[in-house]
Participant: 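Here's a structure for you.
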Amino acid sequence: MVFYRSVSLLSKLRSRAVQQSNVSNSVRWLQVQTSSGLDLRSELQELIPEQQDRLKKIKSEYGKVQLGNITVDMVLGGMRGMTGLLWETSLLDPDEGIRFRGLSIPECQKVLPAAKPGGEPLPEGLLWLLLTGKVPSKEQVNSLSQELRSRATIPDHVYKTIDALPVTAHPMTQFATGVMALQVQSEFQKAYEKGIHKSKFWEPTYEDSMNLIAQVPLVAAYVYRRMYKNGDTIPKDESLDYGANFAHMLGFSSSEMHELMRLYVTIHSDHEGGNVSAHTGHLVASALSDPYLSFAAALNGLAGPLHGLANQEVLLWIKSVVEECGENISKEQLKDYVWKTLNSGKVVPGFGHGVLRKTDPRYTCQREFAMKHLPKDPLFQLVSKLYEVVPPVLTELGKVKNPWPNVDAHSGVLLNYYGLTEARYYTVLFGVSRALGICSQLIWDRALGLPLERPKSITMEWLEKQCKKA
Ligand code: CMX
């Protein structure tokens, strides 16, 4: 018999428990539901009508309820704080950080199946959770691993398309190009051309999404091996799970690196809907562009230095610190270096966030990983020093809303420790992981029949007139 834990009920009761005892990270086993042991697609098939009804009810009963006032600052400030998107797979709390379907990262680490007892969550389990809101059993995760492996073959033209680019092209350019080349196999596009009924849109979207999730590690690994290992590629290993297989195809065989990759792919997957990559994917998909087109667009947003490229920037910046001041830099010297960076008109990469107002739990779990596996690593020690030095400096600057580190402040030193030293490649890893979150939501976009996104824009003249009247 297979067991599920009901996450929605878990979240409701958990938040009550948190209010009462402030024990936010302890997972309570509140309800165990028996399952018929369905595969992921059948599971979704069952959930979709119920969620469609739920959305219909919200629309009809609460359609006119106001969710806040839009101010001029919000319009001019990149829509910060403006609630305007439906995103089911995760929700970000400014202080607490991300919850995937109601579960925090420490809770996911406790309840999602791992490759070994007490190990990091398997990304397949997270994918199941994102898509269904339910925690899968190990057997279900194993069968999803198997399904993803069976979908992980890519046509030859994808490699040729990437090969048409100079080998020096940025890895994100090569990766996004590879994803665009995968698009020619889109089931959604074929079905749409044949005239599929809109009630069935989610089905080819599911097929495309699962193929895409299964295939992005191959494209990413190809880019890595092409750029840094003379094109000497490594085939997938049929015995490995998603995260471990990705590490293996990149060329890393240590079990610690496999664990790191499982953790990495899990925590980078989703961060609610408003961040640049997720929002871009959702926006493009709202025009009924297929998952490949939508995800390639998302990757182009992820490639910006204020978003996903920050992980590259962090390691390069840390290495520049070491080059100039050595590994044993004092806190005073480090503070001077941070000010030098700020005074030259640059940001301190890896710190700050558009929504978060506390240390990112994605940073914290990577820090815990480092304390467990590489406590003496000089670069980890430097990252720890930065945790003490940077926030007071950013606070002193007076304008930074969140001086604390984000996910990108930590990932590079972990990868570097295990031999993945090529910082320019790091955002590709982030991109592979993002496929899980963006595609999960995209399937729900189609299942719920979410509309074309089309917010209203205005001119400065319109704003001036409107504000004078107010
Ligand atoms: N270093 C220097 N200045 C910073 C800063 C940082 N780490 N974080 C914010 N600021 C500045 C902003 O540039 C802005 O300055 P101006 O008013 O002169 O334009 C001011 O402080 C206010 O910004 P904010 O409201 O606190 O932050 P935003 O929501 O505008 O920006 C972010 C958020 C992430 C772009 C910003 O904190 C930043 O640039 N951080 C460094 C880059 C980074 O780590 N990005 C990765 C984020 C996580 C991810 O998406 O992967």
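FYI, the numbering just counts along the sequence from 1. Each ligand, and each atom within it, is numbered from 1 in the order the structure gives.
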Participant: I want to confirm something. Looking only at heavy atoms, which of Leu397, Leu302, Asn406, Val314 is nearest to atom 47 (C) of ligand 1?
Facilitator: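 Of the listed residues, Asn406 has the closest heavy atom.
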Participant: For atom 42 (C) of ligand 1, which of the options Ser277, Gly352, Pro305 provides the nearest non-hydrogen atom?
Facilitator: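 Going through Ser277, Gly352, Pro305 one by one, Pro305 has the nearest heavy atom to atom 42 (C) of ligand 1.
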Participant: Just need the protein heavy atom nearest to atom 22 (C) of ligand 1, so name the residue and atom and give the distance.
Facilitator: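 The protein heavy atom lying closest is Lys399 O, 3.4 Å.
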Participant: Looking only at heavy atoms, is any part of Glu313 under 4.0 Å from ligand 1, and if so is it the side chain, the backbone, or both, or is it neither?
Facilitator: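 For Glu313, no heavy atom sits under 4.0 Å from ligand 1.
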Participant: List every atom of ligand 1 that sits less than 4.0 Å from any heavy atom of Lys401, numbering the atoms from 1 in the order shown and giving each element.
Facilitator: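 The atoms of ligand 1 under 4.0 Å from a heavy atom of Lys401 are 25 (O), 26 (O).
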Participant: Any idea which atoms of ligand 1 are less than 4.0 Å away from a heavy-atom of Ala310?
Facilitator: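 In order of number, 43 (C), 44 (O), 45 (N), 46 (C).
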Participant: Going by heavy atoms in the side chains, are Ile213 and Phe295 under 4.5 Å from each other?
Facilitator: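 Answer no - side chains too far apart.
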Participant: Measure centre to centre between the rings of His248 and Phe252, then say whether the value is under 6.0 Å.
Facilitator: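 Not close enough - the centres of the two rings lie 6.0 Å or further apart.
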Participant: Measure the distance from atom 27 (O) of ligand 1 to every protein heavy atom, then report the residue, atom name and distance (to 0.1 Å) of the closest one.
Facilitator: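 The protein heavy atom lying closest is His353 O, 4.3 Å.
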Participant: Just heavy atoms, cut-off under 4.0 Å: does Val276 contact ligand 1 by side chain, backbone, both, or neither?
Facilitator: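 Val276 to ligand 1: no contact under 4.0 Å from either part.
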Participant: Among all protein heavy atoms, pick out the one at the shortest distance from atom 8 (N) of ligand 1; state its residue, atom name and that distance to 0.1 Å.
Facilitator: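 Ranking protein heavy atoms by distance from atom 8 (N) of ligand 1, first comes Val400 CG1, 3.8 Å.
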Participant: Taking only heavy atoms of Gly350 into account, list the atoms of ligand 1 that are under 4.0 Å away from them.
Facilitator: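 Atoms satisfying the 4.0 Å criterion: 43 (C), 44 (O).
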Participant: Using 30° and 60° as the class limits, which term best fits the ring planes of His373 and Phe369: parallel, tilted or perpendicular?
Facilitator: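 Because their plane-to-plane angle lies in the 30° to 60° range, the rings of His373 and Phe369 count as tilted.
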Participant: Which pair of heavy atoms, one from Ala435 and one from Val216, lies closest together, and at what distance?
Facilitator: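 Answer, listing the atom of Ala435 first, then Val216: CB-CG2, 4.0 Å.
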Participant: Check whether the ring centres of Tyr417 and Phe380 lie less than 6.0 Å apart, and answer yes or no.
Facilitator: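 That pair fails the under 6.0 Å test.
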Participant: Which option out of Val348, Asp360, Asp408 puts a heavy atom nearest to atom 1 (N) of ligand 1?
Facilitator: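 Ranked by closest heavy atom to atom 1 (N) of ligand 1, first place is Val348.
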Participant: Using the six-membered ring wherever Trp is involved, compare the ring planes of Tyr222 and Tyr159 and label them parallel, tilted or perpendicular (cut-offs 30° and 60°).
Facilitator: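 If you compare the ring of Tyr222 with that of Tyr159, the planes turn out tilted.
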